[in-house]
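To start, the structure under review is shown below, and the notes come after it.
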There are 2 protein chains.
Amino acid sequence: MLHLDDEDTLDRTFAALAHPARRAILARLARGEIASVTALAEPFDISLVAVSRHVKVLENAGLVSRKKEGRSRRCRYEPAGVARAKDWLETHQQYWSAQLEALSRYLKDGE
Amino acid sequence: MLHLDDEDTLDRTFAALAHPARRAILARLARGEIASVTALAEPFDISLVAVSRHVKVLENAGLVSRKKEGRSRRCRYEPAGVARAKDWLETHQQYWSAQLEALSRYLKDGE
DNA sequence: TGAATACTAAACATAATGGTTAAGTATCGA
DNA sequence: TCGATACTTAACCATTATGTTTAGTATTCA
């Protein structure tokens with residue numbers, strides 16, 4: 001189950017998650033809502049242009065997809081992106097857990 | 001916001017994870033190794049100064065801790081940071097799953 | 001057709017990131 | 001005490017990120 005995940009993709013994924021507005025947008029879409037850019041922008045004090053670019057960052061990270069529908073865009077959650085980030089974290093968390101006992105022993109001896 | 005988790009902390013955590021060198025350092029420490037900055041820098045082509053700052057970014061995000069030990073620093077993995085990031089991802093993944101299930105029921109029942 | 005809507009793109013200012021080298025601090029070892 | 005070691009800090013530079021405003025494109029509606 002060792003998938004050679006593209007480092008750049010992981011970079012873009014974590015970087016996309018590192019901004020509160022983008023996390024808020026993603027959280028909203030993750031609830032199942034399929035929203036336009038204008039609708040997504042509504043809670044924010046920043047310009048629509050800025051929100052549009054936040055959505056683009058999420059899209060480039062594979063966390064969100066955008067489909068043109070008339071003159072608006074239907075933005076939707078893409079579960080694969082979040083799964084990718086979670087997988088990376090879990091891999092290393094699990095590895096750590098497996099080694100926890102050995103580490104614990106080491107710390108006792110070393111300190 | 002709704003949850004207690006500091007948005008800034010989450011920003012720093014995800015931002016810290018968004019660089020391949022920092023992920024590599026974190027992955028190494030997550031295996032249980034407690035390494036000096038010099039040891040951590042060894043596999044990289046960048047300067048020790050650059051690595052030292054990467055470790056600092058990880059430290060500021062709560063992913064790693066550094067303890068002075070003689071003239072070197074013992075860097076160690078801090079599980080809380082990774083857990084924080086994973087929790088955020090899981091929360092929103094679960095939201096989506098819950099909604100999906102509800103939608104599925106709705107479609108089956110026709111109401 | 002012409003105005004309004006829902007964006008996206010371009011151009012710009014400013015701040016943050018990530019690298020460098022040079023200099024400073026603390027500790028160890030002879 | 002003096003030099004080497006293991007860093008950190010400072011100063012600098014290039015690039016990227018995030019916001020702005022203005023302009024452009026596509027679509028809908030009167």
Side-chain angles (χ1 to χ4, degrees), chain A residues 6-26 28-29 33-76 81 85 110-111, chain B residues 6-26 28-29 33-76 81 85:
Chain A
D6 191 26
E7 286 285 298
D8 285 352
T9 303
L10 224 35
D11 286 2
R12 281 195 299 273
T13 302
F14 282 123
L17 291 166
H19 193 288
R22 287 193 296 258
R23 280 197 308 277
I25 291 168
L26 189 63
R28 185 170 165 183
L29 296 177
E33 190 181 346
I34 298 181
S36 68
V37 175
T38 302
L40 290 174
E42 192 271 328
F44 296 106
D45 278 343
I46 57 175
S47 69
L48 176 71
V49 175
V51 172
S52 174
R53 275 204 316 218
H54 278 309
V55 174
K56 195 179 182 180
V57 169
L58 289 166
E59 194 181 21
N60 289 337
L63 291 159
V64 155
S65 67
R66 227 186 321 198
K67 206 174 82 184
K68 198 175 170 180
E69 184 103 0
R71 60 188 151 173
S72 99
R73 311 290 187 278
R74 293 167 68 80
C75 305
R76 90 166 63 185
E111 284 189 350
Chain B
D6 192 26
E7 286 284 300
D8 285 352
T9 304
L10 225 34
D11 286 1
R12 282 195 297 273
T13 303
F14 283 122
L17 291 165
H19 193 289
R22 286 193 297 257
R23 281 199 306 279
I25 289 168
L26 188 63
R28 184 170 167 186
L29 295 177
E33 190 180 346
I34 298 183
S36 67
V37 175
T38 302
L40 290 174
E42 192 271 327
F44 297 104
D45 278 342
I46 58 176
S47 68
L48 176 70
V49 176
V51 172
S52 173
R53 274 202 319 216
H54 279 309
V55 174
K56 196 179 182 179
V57 169
L58 289 166
E59 194 182 21
N60 289 337
L63 291 159
V64 155
S65 67
R66 224 184 325 196
K67 207 173 80 182
K68 196 173 171 180
E69 184 103 2
R71 60 187 151 173
S72 98
R73 310 291 186 280
R74 293 165 68 80
C75 305
R76 89 167 63 176

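Keep in mind it's a predicted model, so treat the numbers as computed, not measured. Residue numbers start from 1 in every chain, and the chains themselves are labelled A, B, ... in the order their sequence lines are given, proteins ahead of strands. Note that these values count all heavy atoms, side chains included, but never hydrogens, waters or copies made by symmetry.
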Inset, instruction - Scan nucleotides 21-30 of chain D nucleotide by nucleotide, 5' to 3', and note B when protein non-hydrogen atoms come under 4.0 Å of the base, S if they reach only the sugar-phosphate, - if neither. - result: BB---SBB--
Could you check how far [atom1] of [X] sits from [atom2] of [N], rounded to whole Å?
| X | N | atom1 | atom2 | value |
| --- | --- | --- | --- | --- |
| F14(A) | dT17(C) | CZ | C1' | 18 Å |
| R74(A) | dA6(C) | CZ | P | 15 Å |
| L48(B) | dG19(C) | CG | P | 13 Å |
| I46(B) | dT17(C) | CD1 | C1' | 13 Å |

Where is the tightest heavy-atom contact between [X] and [Y], given as atom of each residue plus distance?
| X | Y | answer |
| --- | --- | --- |
| C75(B) | L29(B) | O-CD2, 3.5 Å |
| L63(A) | G81(A) | CD2-C, 3.5 Å |
| V55(A) | V64(A) | CG1-CG1, 4.3 Å |

Legend entry - H54(A) side, atom NE2; I46(A) side, atom CD1 - distance, nearest 0.5 Å: 4.0 Å
Inset, instruction - Output yes when at least one side-chain N/O atom of H19(B) is less than 4.0 Å from OP1 or OP2 of dG19(C), else no. - result: yes
Legend entry - For DNA chain C, the residues among residues 34-41 of chain A that have a non-hydrogen atom under 4.0 Å from it: S36(A), V37(A), T38(A)
Legend entry - Neighbours of DNA chain D within residues 53-67 of chain A, by heavy-atom distance under 4.0 Å: R53(A), H54(A)
Contacts of type salt bridge (Lys or Arg N to Asp or Glu O under 4.0 Å), residue [X], not counting sequence neighbours:
| X | answer |
| --- | --- |
| R23(A) | E7(B), D11(B) |
| R66(B) | E59(B) |
| E33(A) | R28(A) |

Main chain of [Y], side chain of [X]: is a donor-acceptor contact present, judged purely on distance under 3.5 Å?
| X | Y | value |
| --- | --- | --- |
| T13(B) | T9(B) | yes |
| R22(B) | L58(B) | no |
| R73(B) | R71(B) | yes |

Inset, instruction - May I ask you to decide if the ring planes of F14(B) and F14(A) are parallel, tilted or perpendicular, using 30° and 60° as cut-offs? - result: parallel
